[in-house]
**Q** 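Structure in structure tokens, see below.
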There are 2 protein chains.
Amino acid sequence: MKKRPAEKKNTHPEQTKTRASRPRDAAATRRAILDSARRAFARFGYDGVGVRDIAAGAGVTAMLINRYFGSKEELFAEVAVETMATPVILTPEFIASGCPAQTMASALVQLTKPDATPLEGFLIMLRSAASERAAEIGREQIEAHYQKTLSHALRGPHRAERAAVILAMVAGVQMMRQAMGLPALANAKPAALERVLERALGALIDPPE
Amino acid sequence: MKKRPAEKKNTHPEQTKTRASRPRDAAATRRAILDSARRAFARFGYDGVGVRDIAAGAGVTAMLINRYFGSKEELFAEVAVETMATPVILTPEFIASGCPAQTMASALVQLTKPDATPLEGFLIMLRSAASERAAEIGREQIEAHYQKTLSHALRGPHRAERAAVILAMVAGVQMMRQAMGLPALANAKPAALERVLERALGALIDPPE
DNA sequence: GTCTATATAATGATAGAC
DNA sequence: GTCTATCATTATATAGAC
């Protein structure tokens, strides 16, 4: 029976950036590693990438990752914190807008197009949720930057629960549309999907009764 | 600087079932491996467990997994298919019930209690979505057993999109509540959470306009 | 500051005894 | 039908040269 090295990390050989024109710049190297790690974690999750992949994507050797960040786990933590620090959706501004449900629905449809790359913070967490440490980091970031602000921006009863379900809904859509690639979501006509999401989000944003 | 074997698989040493009282029973061994794999994949995802962990949980050696299933991937496929074959929620019966939104909301809150173990099919997929092959298997199962039946049970326009968003919402709640452990969901009062979910689900189930 | 080379451990899968 | 022992590969992390 044949060996089975199918679906290995080599399946996605990130082009090794040469980076020959900028040697010996600590800050730039650090930045390059962080960027490469952000891309890699968003695509393949915490367990799905090795430090070698990340290093290759940054044009350096794996050793430098430990030199600059101590370990893969600490690198992940720094990436996660950085990526989730500035929410691009689910902000108080969205809630404060004239028709928040429609605005959010439109933004969500745009930002989770199958090939789109924004909303990386959530995607990194969704793809890394199996890792205990990754889930812990993500939970703290979500609570600090999303749950709290969103909850405060709402009016009416059950604010915490409604904010959490809005979060869950956004995460679920992104999960099913981008990570799982469910055809009904991935291939949906944007206008129709927007309409459906607007209705559901409205039921969560508008104060009940 | 110390080595860092922290957060390794040994962090969760599934008690090695002795199983000394039932030697040499092919069917029973197969069943034991499947059960152990289901538990393990649901908790730690496809990449998060090794064949050794699964074998130990079944009280056998790792070799038998390859003997009975050929490979870890084939074992996962069989577990995924088996677990998602009989949906416990999101069935046409729920939609056909008198007040589907309330019924589904109540069931969802019950089934995603932080320590609950049902709805394993979805949980396995959510925790394994980073693995390309796992995502593929899950997508097929979700489409076959959830998306299609749910879509057919709905009335009105945009059925496919509404069914998909219902799926995304259920997945998102399970993700945030069970996998991530977001306090606002994990510690929410069941009645309040149920009310909020009922409203959102109603907006998706009830035909618009 | 960055490299090559290596240490150590864990992985999925296999060979052959009983 | 199940085991022990082992292979080949890959993982993260470290040591020391330049």
Side-chain angles (χ1 to χ4, degrees), chain A residues 1-13 16-33 37 40-41 44-56 58-77 131 133-134, chain B residues 1-13 16-33 37 40-41 44-56 58-77 131 133-134:
Chain A
M1 217 170 280
K2 249 194 330 176
K3 191 66 192 309
R4 274 183 149 276
E7 198 198 0
K8 268 298 163 217
K9 303 300 153 44
N10 314 7
T11 314
H12 43 78
T16 303
K17 291 193 181 171
T18 53
R19 209 199 61 131
S21 57
R22 182 198 36 172
R24 317 232 158 194
D25 181 337
T29 299
R30 227 188 114 86
R31 194 59 266 149
I33 292 174
F41 285 139
F44 308 107
Y46 182 78
D47 292 328
V49 284
V51 290
R52 281 172 176 75
D53 307 288
I54 298 172
V60 298
T61 60
M63 192 231 87
L64 288 190
I65 288 184
N66 290 296
R67 179 150 177 69
Y68 280 106
F69 300 93
S71 69
K72 179 188 179 183
E73 184 179 304
E74 291 174 85
L75 169 61
F76 179 84
S131 183
R133 179 80 184 107
Chain B
M1 216 170 279
K2 247 194 329 174
K3 192 64 193 311
R4 271 182 151 280
E7 199 200 355
K8 266 301 162 212
K9 304 300 150 46
N10 313 9
T11 315
H12 42 79
T16 302
K17 289 193 181 171
T18 52
R19 208 200 60 132
S21 56
R22 183 200 34 172
R24 317 229 157 198
D25 180 339
T29 300
R30 225 188 116 86
R31 192 61 266 147
I33 292 174
F41 285 138
F44 309 107
Y46 182 76
D47 292 327
V49 285
V51 290
R52 282 170 176 77
D53 306 288
I54 298 172
V60 298
T61 60
M63 192 229 88
L64 287 190
I65 289 185
N66 291 295
R67 178 146 178 71
Y68 281 105
F69 300 93
S71 69
K72 179 188 179 184
E73 185 179 302
E74 291 175 85
L75 170 61
F76 178 85
S131 184
R133 179 80 185 108

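Throughout, a chain's letter reflects where its sequence line sits, starting with A, and its residues are numbered from 1.
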**Q** What residues, two or more places apart in sequence or in another chain, satisfy side chain to side chain contact (heavy atoms under 4.5 Å, CB included) together with A:A37?
**A**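 A:F41, A:I54, A:L75, A:V79.
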
**Q** Between P on D:dC3 and CG on B:D25, what's the gap in Å once rounded to a whole number?
**A**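 About 13 Å, once rounded to whole Å.
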
**Q** In sequence, state the C-alpha distance, the side-chain angles, and the governing distance for B:Y46 and B:R133, and then conclude on side chain to side chain contact (heavy atoms under 4.5 Å, CB included).
**A** CA-CA 10 Å; B:Y46 182 76; B:R133 179 80 185 108; over 6 Å; no

**Q** Rounded to the nearest 0.5 Å, what's the gap from OH on B:Y68 to CD1 on B:I33? Could you check?
**A**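 Between atom OH of B:Y68 and atom CD1 of B:I33 there are 6.5 Å.
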
**Q** When you check the phosphate oxygens OP1 and OP2 of D:dT4, does a side-chain N or O of B:T61 lie under 4.0 Å from one of them?
**A**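 The answer is no; no side-chain N or O of B:T61 sits under 4.0 Å from OP1 or OP2.
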
**Q** For B:R30, which residues count as a side chain to side chain donor-acceptor pair (under 3.5 Å) partner, sequence neighbours excluded?
**A**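 Residues passing side chain to side chain donor-acceptor pair (under 3.5 Å) with B:R30: B:E78.
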
**Q** Would one find a side-chain N or O of A:Y68 under 4.0 angstrom from OP1 or OP2 of C:dT2?
**A**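 Checking C:dT2 against A:Y68, a side-chain N or O does come within under 4.0 Å of OP1 or OP2.
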
**Q** Can you name the residues that form a side chain to side chain contact (heavy atoms under 4.5 Å, CB included) with A:A55, not counting sequence neighbours?
**A**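 Per chain and number, A:A55 pairs via side chain to side chain contact (heavy atoms under 4.5 Å, CB included) with A:V60, A:A62, A:I65.
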
**Q** When you check the phosphate oxygens OP1 and OP2 of C:dG1, does a side-chain N or O of A:T29 lie under 4.0 Å from one of them?
**A**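 The answer is no; no side-chain N or O of A:T29 sits under 4.0 Å from OP1 or OP2.
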
**Q** Could you check how far CD1 of A:I65 sits from C1' of D:dA11, rounded to whole Å?
**A**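 Taking atom C1' of D:dA11 as the reference, CD1 of A:I65 is at 13 Å.
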
**Q** Nearest whole angstrom, please: distance from the P of C:dG12 to the OH of B:Y46.
**A**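 Those two atoms, OH and P, are 8 Å apart.
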
**Q** Counting heavy atoms from C-beta on, name the nucleotide in C:dG12, D:dA13, D:dC3 closest to the side chain of B:R52.
**A**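 For B:R52, the side-chain atoms sit closest to C:dG12.
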
**Q** Could you work out which one of D:dG1, D:dT14, C:dA13 sits closest to the side chain of B:R67?
**A**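 Among the listed nucleotides, the one closest to the side chain of B:R67 is D:dG1.
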
**Q** Just how far, in rounded Å, is C1' of C:dA13 from CD of B:E73?
**A**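 In whole Å, C:dA13 C1' lies 14 Å from B:E73 CD.
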
**Q** Could you state the CD1-P distance from B:I54 to C:dA10, rounded to the nearest angstrom?
**A**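 Taking atom P of C:dA10 as the reference, CD1 of B:I54 is at 17 Å.
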
**Q** I want to verify a distance call: between C:dG12, C:dT2, D:dT2, whose nearest atom is closest to the B:L64 side chain?
**A**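 In terms of side-chain proximity for B:L64, the closest of C:dG12, C:dT2, D:dT2 is D:dT2.
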
**Q** For the pair made of CG in B:D47 and C1' in D:dT10, what is the distance, rounded to whole Å?
**A**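 After rounding, the reported distance stands at 13 Å.
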
**Q** To the nearest Å, how far apart are B:M63 CE and C:dG16 P?
**A**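 That distance rounds to 14 Å.
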
**Q** Treat a base pair as Watson-Crick or G-U wobble with both distances under 3.5 Å, then lay out DNA chain D in dot-bracket form, 5' to 3', with | for cross-strand pairs.
**A** ||||||||||.|||||||

**Q** Treating B:K72 as the side-chain partner and B:V49 as the backbone partner, does any N or O pair qualify as donor plus acceptor under 3.5 Å?
**A**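 Judged by distance alone, yes, a pair lies under 3.5 Å.
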
**Q** Please enumerate all residues that pass side chain to side chain donor-acceptor pair (under 3.5 Å) together with B:R52, with sequence neighbours excluded.
**A**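 Here no residue qualifies.
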
**Q** Whole Å only: how far is the CG atom of B:N66 from the P atom of D:dT4?
**A**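 Those two atoms, CG and P, are 16 Å apart.
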
**Q** What nucleotide, of D:dG1, D:dT6, D:dC3, holds the atom closest to the side chain of B:V60?
**A**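 Among the listed nucleotides, the one closest to the side chain of B:V60 is D:dC3.
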
**Q** Among D:dG1, C:dT14, D:dA13, find the nucleotide with the atom closest to the side chain of A:S71.
**A**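 In terms of side-chain proximity for A:S71, the closest of D:dG1, C:dT14, D:dA13 is D:dA13.
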
